[in-house]
Peer 1: 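Sharing a structure with you now.
None of the values given here were measured: they were computed from a predicted structure.
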Amino acid sequence: MKGAPLSDTKTLTGGQLVVETLRALGVEVVFGVPGGQTLAITDAILDQPGMRFVTARHEGAAACMADAVGRVTRRPGVCLATTGPGATNMLTGIGGAFRDSSPVIAITCNNRLPDLDRDDAQAADHIAIFRPLVKWAKLVSHPATVVQILQEAFLRATTGCPGPVLVDFARDVLESTLDGQLLDAVPATETVAAAPLERAAGDPDRIAAAATLLTEAERPVIWLGNGAKLSDAGEAALTLAEHLSIPVITTFNGIGAVPTTHPLVFGPLSRMGTELSTRVLADADVLLAVGNSLNAISTSRWSLELPETIIQVDLDPTTIGRYYAPRTLGVLGDARAVLLALGEAAASAADGVGERRRARLDALAQARAEWWQRAADHPEAEDGTVSPATVVAAVRQEVPDEAIAIFDAGNPGVWSYLWEIRQAGTYLKPVGFGNMGFALPAAIGTGVVAPATPIVAFVGDGSLGMSLGELETLAREDLRVCLIVMNDSGYGNIRQEQLVHYGDRLIGVDFGDVNYAEVAKACGLSARRVTDAQALREAVADAVASKRAHVVEVVIDPNVNAWTFPLFQQYELEE
């Protein structure tokens, strides 16, 4: 139920000022769990016809919802929690946004100023707790600073390398009656939110040097990371690749920057990677790493053999040359802007390059065709179960090209190597933090801001157990989400790693048999449990056609091991 418009009220509270400022920043939804300290904000949302509050069943899920909004829209998602345990519950989801550079404004509501550090109920130092996992953290201790601090939070979350920020409000700031003139500062916020973000194009001399290296190389490779995705640099990267006949791979976090259906795209290379993507890099002589920090996840903890010449493009100066300084030519700038400038710089020298590189590209194209052909030959599964590879292929067959695919941590993410991306920007996964329990709340957050877009989310039963309450949230919101539960009755990825490294010595990885379709039905969702590929395809097709929330539980074969799956093994360069 909505309250009276703020213009009709006689007083202004701190909570109302917060909400008015968020509205001016373009915020349309706040995710969270209410508490006593948050009431001045949630009550004020009632008076905003263009803003709504989505109640999560856990603050960690609310943070994942806001994270998904940041990934999909490139604008800050907003999540709200009360003091102490409410705030700390939110921390893991904020860590996921931090490690994957997703803009989020996390709002926590603390105790009253006189009671801070005085052993009040649920007391916690939110600033100290969150500081390692946010770009910036600020306590709001006076109403006069509310607008300015929220403006700064927006700018810090979205500029440079994006990420989450924390704004911690003292309760008495939110509940105090304020001078209505404080609203005069709010309209300027719209200018802040609408201001174009300046993106540096890089030093021209370094771009020229990089263009020379790329045109003179025999076997160059473009390796796109998350920064390329955040910058919407996929089209610029493919244009450069086409002009200079260069194969393209991505990091795990860069999946979705470019369609995998493009003939020059050879998939992701990360901790495990694929036989195909590692083949592309195996004999490269020049590497163009764009928005790619070359961190442990991408380089198998720096054990991967990289070319002697690396061109590294990044917006963060501390990333360039951090791990491979002696062989790195750094270009400081935005991924898209630098790639466009590189294309212009290399244009004059592009003649004849394609012919020189034709044989290599032809060989890689043949390897690509063979890899996807082998991927279509799914492993045999035990009766009454489905191979994870079959799950990915069957679902891909039934959902439209524009569907956003969301994969949870663990095995669902690894099997996403087989997901064909037909449109850029349609893939989400927690990579840097690898926080389990992401996919379901992320699907809710995505569905709220993109209600017309079909969404398919893949979650293991391990991760679902960590976010199970959000099934009720999904039912309540009734979004266009098809949730695929990959049920192997355990922490499957860890079980399989134990089998690889410790034989049959298994501990802590097995669950009892749970029928999650029945659990979903109890939460008010349409749900179905399937044990074969045909039933899976039918269930997904029905879910897509209905345009409503559905859960499809698939009993998968735990013996199909992602750690030993042939297509995910590294390519060995012949001597």
Side-chain angles (χ1 to χ4, degrees), residues 31-33 37 56 58-71 76-111 116-117 122-141 149-150 152-170 225-227 230 251-253 271 291-299 301-302 314-320 322-323 409 429-438 441-442 466:
F31 304 93
V33 176
Q37 287 84 350
H58 191 276
E59 293 87 353
C64 291
M65 294 173 193
D67 180 4
V69 171
R71 294 176 193 242
V78 179
C79 50
L80 175 72
T82 191
T83 190
T88 57
N89 279 348
M90 200 160 59
L91 193 61
T92 297
I94 295 301
F98 181 69
R99 289 297 308 276
D100 288 348
S101 303
S102 177
V104 169
I105 297 176
I107 295 176
T108 52
C109 301
N110 218 315
N111 291 316
L116 294 182
D117 298 321
Q122 297 183 318
D125 186 344
H126 300 161
I127 303 296
I129 292 168
F130 276 75
R131 197 181 297 279
L133 292 174
V134 294
K135 290 182 65 179
W136 181 74
K138 187 72 173 179
L139 173 66
V140 184
S141 57
I149 287 175
L150 285 173
E152 185 170 358
F154 181 95
L155 290 172
R156 287 182 179 268
T158 54
T159 55
C161 183
V165 297
L166 173 71
V167 182
D168 187 31
F169 287 94
N226 191 40
L230 294 173
T251 65
F252 210 167
N253 221 352
R271 182 180 65 165
N292 176 358
S293 63
L294 300 174
N295 63 11
I297 298 170
S298 297
T299 63
R301 293 186 170 88
W302 306 283
D314 208 284
L315 199 63
D316 182 357
T318 66
T319 293
I320 295 177
R322 182 177 182 182
Y323 302 112
K429 184 194 175 297
V431 176
F433 215 42
N435 43 307
M436 295 175 66
F438 171 86
M466 299 179 184

Peer 1: Looking at every non-hydrogen atom in both residues, tell me the closest pair between Pro76 and Ile105 and how far apart they are.
Peer 2: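 Minimum heavy-atom separation between Pro76 and Ile105: CB-CG1, 3.9 Å.
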Peer 1: Once side chain to side chain contact (heavy atoms under 4.5 Å, CB included) is applied, do any residues pair with Ser298, and if so which ones, sequence neighbours excluded?
Peer 2: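 Side chain to side chain contact (heavy atoms under 4.5 Å, CB included) list for Ser298, sorted by chain: Trp223, Thr251, Asn292, Asn295.
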Peer 1: With sequence neighbours left out, which residue pairs that include part of residues 77-94 fulfil the salt bridge (charged side-chain N to carboxylate O under 4.0 Å, His left out) condition?
Peer 2: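 Checked against salt bridge (charged side-chain N to carboxylate O under 4.0 Å, His left out) - neighbours excluded - no pair reaches residues 77-94.
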Peer 1: Minimum heavy-atom separation for Ala68 to Ala442, with atom names?
Peer 2: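 In terms of heavy atoms, the two residues are closest at CB-O, 3.4 Å.
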Peer 1: Establish, from distance only, whether the side-chain atoms of Gln37 and Thr82 form a donor-acceptor pair under 3.5 Å.
Peer 2: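 Yes.
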Peer 1: Run the side-chain donor-acceptor check on residues 163-170: report pairs under 3.5 Å with partners two or more places apart or on a different chain.
Peer 2:
{"unit_1": "Asp168", "atom_1": "OD1", "unit_2": "Thr108", "atom_2": "OG1", "d": "2.8"}
{"unit_1": "Asp168", "atom_1": "OD1", "unit_2": "His126", "atom_2": "ND1", "d": "2.9"}
{"unit_1": "Asp168", "atom_1": "OD2", "unit_2": "Asn110", "atom_2": "ND2", "d": "3.0"}

Peer 1: Roughly how far, to the nearest 0.5 Å, is OG of Ser141 from CD1 of Ile149?
Peer 2: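 Rounded to the nearest 0.5 Å, the CD1-OG separation comes out at 7.0 Å.
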Peer 1: Between Asn226 and Asp100, is there a side-chain donor-acceptor contact under 3.5 Å, judged purely by atom types and distance?
Peer 2: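 Not at all, the side chains of Asp100 and Asn226 share no donor-acceptor pair under 3.5 Å.
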Peer 1: At their closest point, which heavy atom of Ala409 faces which heavy atom of Lys429, and how far apart are they?
Peer 2: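 The answer is CA-NZ, 4.1 Å.
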Peer 1: Are any non-hydrogen side-chain atoms of Val78 and Leu80 less than 4.5 angstrom apart?
Peer 2: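 Side chain of Val78 against side chain of Leu80, heavy atoms only: no contact under 4.5 Å found.
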Peer 1: Using a 3.5 Å distance criterion without hydrogens, assess whether the side chain of Arg99 forms a donor-acceptor pair with backbone atoms of Gly432.
Peer 2: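 The answer is yes, because a donor-acceptor pair under 3.5 Å joins these two groups.
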Peer 1: Counting C-beta onward and ignoring hydrogens, is there a side-chain heavy-atom pair between Phe154 and Leu150 closer than 4.5 Å?
Peer 2: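 No - every pair of side-chain heavy atoms lies 4.5 Å or more apart.
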Peer 1: Under 3.5 Å, sequence neighbours excluded: what are the donor-acceptor pairs made by side chains of residues 89-97?
Peer 2:
{"unit_1": "Asn89", "atom_1": "ND2", "unit_2": "Glu59", "atom_2": "OE1", "d": "2.9"}
{"unit_1": "Asn89", "atom_1": "ND2", "unit_2": "Pro85", "atom_2": "O", "d": "3.3"}

Peer 1: Does Trp136 reach the main-chain N or O of Ala157 with its side chain, forming a donor-acceptor pair under 3.5 Å?
Peer 2: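 Looks like no, no N/O pair under 3.5 Å.
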Peer 1: Applying salt bridge (charged side-chain N to carboxylate O under 4.0 Å, His left out), name anything that partners Arg156, two or more places apart in sequence or on another chain.
Peer 2: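 Listed in chain order: Glu152.
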Peer 1: So Trp302 and Tyr323, do their side chains get closer than 4.5 Å, heavy atoms only?
Peer 2: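 The answer is yes, as the side chains (C-beta and beyond) meet within the 4.5 Å cut-off.
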Peer 1: Would you name the heavy atoms of Ile129 and Pro132 that are closest together and state the gap between them?
Peer 2: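 Closest pair (atom of Ile129, atom of Pro132, distance): O-CD, 3.5 Å.
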Peer 1: Measuring only between side-chain heavy atoms, which start at C-beta, is Thr83 closer than 4.5 Å to Cys109?
Peer 2: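 They are not in contact (no side-chain heavy atoms under 4.5 Å apart), so the answer is no.
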Peer 1: How would you list, by chain and number, every residue that makes a ring-ring contact (aromatic ring centres under 6.0 Å, His included) with Phe252, sequence neighbours excluded?
Peer 2: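 ring-ring contact (aromatic ring centres under 6.0 Å, His included) check on Phe252 returns Tyr417.
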Peer 1: Between Ser102 (side chain only) and Asp67 (backbone N and O only), is there a donor and an acceptor less than 3.5 Å apart?
Peer 2: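 It does hold such a pair.
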Peer 1: State, with a plain yes or no, whether a side-chain heavy atom of Cys79 is found less than 4.5 Å away from one of Val104.
Peer 2: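 The answer is yes, as the side chains (C-beta and beyond) meet within the 4.5 Å cut-off.
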Peer 1: Between atom OG1 of Thr319 and atom CG of Asp314, what is the distance when rounded to the nearest 0.5 Å?
Peer 2: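 Spacing of OG1 (Thr319) from CG (Asp314) equals 4.5 Å.
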Peer 1: When rounded to the nearest 0.5 angstrom, what distance separates CE in Met466 from SG in Cys64?
Peer 2: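 With rounding to 0.5 Å, CE (Met466) is 11.5 Å from SG (Cys64).
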